Amino acid sequence: MTRSILAVILALTAFSAPAFAACPSDSMPSDMQRAYVEGIQAALAEHGFRPGKADGKMGPNTRSAIRAYQKAAKLPVDGCASKELLDHLNFAQPKVYAR
């Protein structure tokens, strides 16, 4: 009985957990987050990763371009906009470009 109750509790918590972890930038003030996202979008476009328009909004094209850049740069792939990502785009050597 105890095992079956434990199994049900574990199953319910597994299905109620979010499918992805939230990005640390989600807790930033909206103006700051928008500025980071816009800077990342502009830098990704310069590197050929096609994030879409640099509008400061985190859409599917931006998230996909971030993941593609992170993979190409051998960074942890989380699709999150962050100060660290923006710094990597701007300052890492050698530069990473889309193929």
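Any value given below was found using the heavy atoms of this structure, including those in side chains, with hydrogens, waters and symmetry copies removed. Since this is a predicted model, take the numbers as computed values, not measurements.
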From [X] atom [atom1] to [Y] atom [atom2], the distance as rounded to the nearest 0.5 Å:
X: I66; Y: L89; atom1: CD1; atom2: CG; result: 8.5 Å
X: I40; Y: T62; atom1: CD1; atom2: OG1; result: 9.5 Å
X: R99; Y: F49; atom1: CZ; atom2: CZ; result: 9.0 Å

Does any part of the side chain of [Y], heavy atoms only, come nearer than 4.5 Å to the side chain of [X], both counted from C-beta?
X: D31; Y: R34; value: yes
X: Y36; Y: L85; value: no
X: D78; Y: Q70; value: yes
X: Y69; Y: H88; value: yes

Task: Expected output: side-chain N90 to main-chain L86 donor-acceptor under 3.5 Å - done: yes
TODO: Answer yes or no: is there a donor N or O on one side and an acceptor on the other, between the side chain of Q41 and the main chain of G52, under 3.5 Å?
DONE: no
- [ ] Please name the residue in the list Q33, R63, M28 that meets the side chain to side chain contact (heavy atoms under 4.5 Å, CB included) test with C23.
- [x] R63
Task: D55/E38 under side-chain contact (heavy atoms from CB on, under 4.5 Å): CA gap, chis, key distance, verdict - done: CA-CA 6 Å; D55 57 5; E38 189 172 342; over 6 Å; no
TODO: For atom NZ of K95, decide whether the heavy atoms of other residues, nucleotides or ligands shown that lie under 6.0 angstrom number more than 12.
DONE: yes
TODO: Compare every heavy atom of A54 with every heavy atom of A42, then report the nearest pair and how far apart it is.
DONE: N-CB, 4.2 Å
Task: Shared hydrophobic cluster for M58 and M32 (ILVMFWY, side-chain gaps under 4.5 Å) - done: yes
